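Quick caveat, the model's predicted, so the values are computed rather than measured. Note that these values count all heavy atoms, side chains included, but never hydrogens, waters or copies made by symmetry.
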Amino acid sequence: MPSSGNAKQLAYLRRQVAHAPEAPGVYLMRDENKAVIYIGKAKDLRARLRTYFGGGGDGRFQIEYLLQRVASFETIVTQTESQAFLLERDLISKHKPRYNIRLKDDKAYLSIRIDESAEWPMLETVRRPENDGATYYGPFAFSTELRNVLEVIKKVVPLRSCSDSVLYNRQRPCLEFQIKRCCAPCCEPVSRDDYLELVQQAVAILQGKTKGVLSTLRQRMESASEGLRFEEAAAWRDRIEILEKFQSGHSLISFRGENRDVFGVVREGPHAALCALLVRNGRIAETKTFLLEDVRLADDELIESAVQQFYEGGREIPSEVLLPREIENASLLQAGLEARKGGKVEVACPQRGSKARLLSMAELNARHAFEGSRTLESRWTEVAASLAKIIGLKQMPRRVECVDISNFQGSDTVGALVTFFDGVAEKGAYRRYKVAQEGKPNDFASIYEVVSRRLRRGAEENDLPDLLVIDGGAGQLSMALKAREDTGVSVDIVALAKMRTEGEVLSQEISRKPERLFIPGREESLPLDEGDPVTRFLARIRDEVHRFVITFHRESRSRRVFRSVLDTVSGVSPESRTRLLRHFKSIEAIGEAELQEVARVGRMPEALAKKLKSKLKREE
């Protein structure tokens, strides 16, 4: 393991591991000169990195020497393990890390090649795609994955699988034709247009677009059935069933050796993260991640400015740039990049297909970088500072509690309180209250009772919140303030509710109720911005107390509804009550049963069973 001189650096790396993404991907370890010295893949990046920096290594001999040289690491998140498998190999080939094993067998992964310009196109498996005008699909990380795809296509689309030399020299159809896996263009009268239609069906399956193929097959099955060609209809039916069972799940990318840069952006208030995936020759070659603070631009301006700055300093500009959203000045951005490149550049925002999947991957990496760079503590500090400014608190709150009331037509009134500390739920401090308001549906009085009880106990135990949030409007807030005044306890209190003002209702312009904050001393409630972190935190704590109080209310009602005379007999345990009801099915049946049987079923002394039956008789 690293020497004591590296202890400080190792402690820093361990802290970084705590914020690594829990997702599949690739990790790159760098030395103090920023050179990549090791690359690995993982199903869970955080768990994998912990095996290195958790104190015991992962058992491999070279890890001891590796950890002595690691100064930093970075991660690239992928959507699947297969993508991580491919990306790892590409990056190892590019960086040639010192501590990675490099095998002599450097075969490329298999891809599917289709040359649609050929007279009778076929599906071919190749290892090295070339820029020859053909279309390539893949690459496939595992040969079994490729075989499964080809097997489905063979059963559904009868394309030829023989070489050109066999095709042009056959005298009669082969076995593939007999088992209906080839239409035999070598010997049978097949038109090229019909054959090319089959090729398009195969391409659609490779791209995961099976809906259109299924529609065509169903039409042909129905046509054959209507023409009383039942064997042919059955053959079409079998192909439909095979295709319906097939779920590709593969992120197949058309391989034409494209170069493109893909941008993903994640933003939260004034903070943002930008990730650029650099795709070269159809494969992800590199990722660049940038953290942006105090961003005051609109989203469109942020993307435009970030892309422009990314290509400053002579960075290579590819022929295609993919953006995470449509921006107003896309044409101007494209013109600027073309002028800088001296050639054609396409700026696009694809909504589907392989390019859209690349955008999703870029956004995924940006999100993990964003979340990993900002700890929960730093995020809460910003929320607490904004909350203190909005409400007018003297200091930033750390302990925030929220109160809610629940009842059913005035009965079974209960209250609940949840606690968040530094923005994180502290479930051990949650509290439930039975409210003495039976038959009187009065939320205001219930709020007064719960807040009074909470403040009195908090004063006695020196355990008061920095801020108390009431779920409700001005009326609920006024009762909470009265409870504070009567108990003589000094605590900041506000209320939160979803509501519209009279002007908003009359205007009929707002379809959703905005969150409104009721602050003591303010005549009007304060509307909150839906996307603001403060609003999200207040809504989260309010939703949590609502969930908690509703659960408690349901439990209370259930206990009252199902309470029976059995509960009023001292000495009868809950287990005995359950056994008696399960066996006799009703209170009446227990009263009519023999004394010895009640004692046996309830597993109780006969004296207790006699006491129980006497109680039941009096209740009749």
Side-chain angles (χ1 to χ4, degrees), residues 19-28 41-42 45-46 73-84 86-88 90-91 251-253 258-280 282-312 315-330 333-334 337 345-374 379 531 533:
H19 303 297
E22 296 178 283
V26 175
Y27 54 93
L28 296 84
K41 65 179 181 302
L45 287 168
R46 184 185 299 179
F73 66 84
E74 64 184 84
T75 60
I76 302 174
V77 180
T78 59
Q79 294 172 316
T80 65
E81 292 180 72
S82 295
Q83 290 176 346
L86 294 169
L87 183 57
E88 178 198 33
D90 286 345
L91 293 176
S251 298
L252 303 180
I253 299 175
E258 307 98 330
N259 291 338
R260 60 170 63 99
D261 288 346
V262 187
F263 291 89
V265 175
V266 171
R267 182 173 184 177
E268 187 176 293
H271 307 284
L274 172 78
C275 176
L277 295 182
L278 279 59
V279 178
R280 298 295 180 264
R283 304 289 283 273
I284 299 173
E286 192 176 0
T287 63
K288 297 286 185 180
T289 305
F290 305 90
L291 299 173
L292 311 174
E293 301 292 335
D294 196 28
V295 177
R296 301 298 175 183
L297 301 174
D299 289 348
D300 280 18
E301 295 177 278
L302 167 62
I303 295 171
E304 181 182 354
S305 176
V307 172
Q308 287 178 340
Q309 292 184 44
F310 182 77
Y311 292 112
E312 289 180 355
R315 189 189 297 272
E316 177 192 359
I317 301 176
S319 57
E320 189 174 35
V321 174
L322 304 184
L323 303 183
R325 58 178 287 171
E326 299 283 356
I327 64 173
E328 185 177 354
N329 294 329
L333 176 62
Q334 179 173 323
L337 293 177
V345 177
E346 181 182 357
V347 175
C349 176
Q351 302 299 314
R352 59 180 63 87
S354 59
K355 296 179 183 180
R357 288 192 287 271
L358 285 171
L359 280 173
S360 297
M361 189 184 297
E363 181 183 351
L364 190 63
N365 279 275
R367 183 169 300 283
H368 282 295
F370 181 83
E371 293 175 351
S373 67
R374 304 178 68 236
R379 281 187 244 176

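- Each of Leu359, Val262, Leu322 was checked for a side-chain contact (heavy atoms from CB on, under 4.5 Å) with Leu277, and the lone residue meeting it is Val262.
- Taking 4.5 Å as the limit, some side-chain heavy atom of Glu363 sits within range of a side-chain heavy atom of Val266.
- Heavy atoms only, all atoms of each residue included: Leu45 and Ile76 are closest at CD1-O, 4.2 Å.
- Residues Leu302 and Leu292 have side chains in contact (heavy-atom distance under 4.5 Å, counting atoms from C-beta outward).
- Under a 3.5 Å cut-off, the side chain of Arg260 and the backbone N or O of Val279 do not form any donor-acceptor pair.
- Under the side chain to side chain contact (heavy atoms under 4.5 Å, CB included) criterion, Glu74 pairs with Leu28, Arg30, Thr287, sequence neighbours left out.
- Of the possible donor and acceptor atoms, one in the side chain of Asn365 sits under 3.5 Å from a partner among the backbone N and O of Val77.
- The two atoms that bring Tyr311 and Val307 nearest to each other are CD1-O, 3.2 Å, heavy atoms only.
- No more than 12 heavy atoms of other residues, nucleotides or ligands shown are found within 6.0 angstrom of CD on Glu328.
- Put simply, the side chain of Phe263 does not reach to within 4.5 Å of the side chain of Cys349, judged on heavy atoms.
- Side-chain contact check for Leu323 versus Leu333: some heavy-atom pair is nearer than 4.5 Å.
- The stretch residues 346-356 participates, sequence neighbours left out, in these salt bridge (charged side-chain N to carboxylate O under 4.0 Å, His left out) pairs: Glu320-Lys355.
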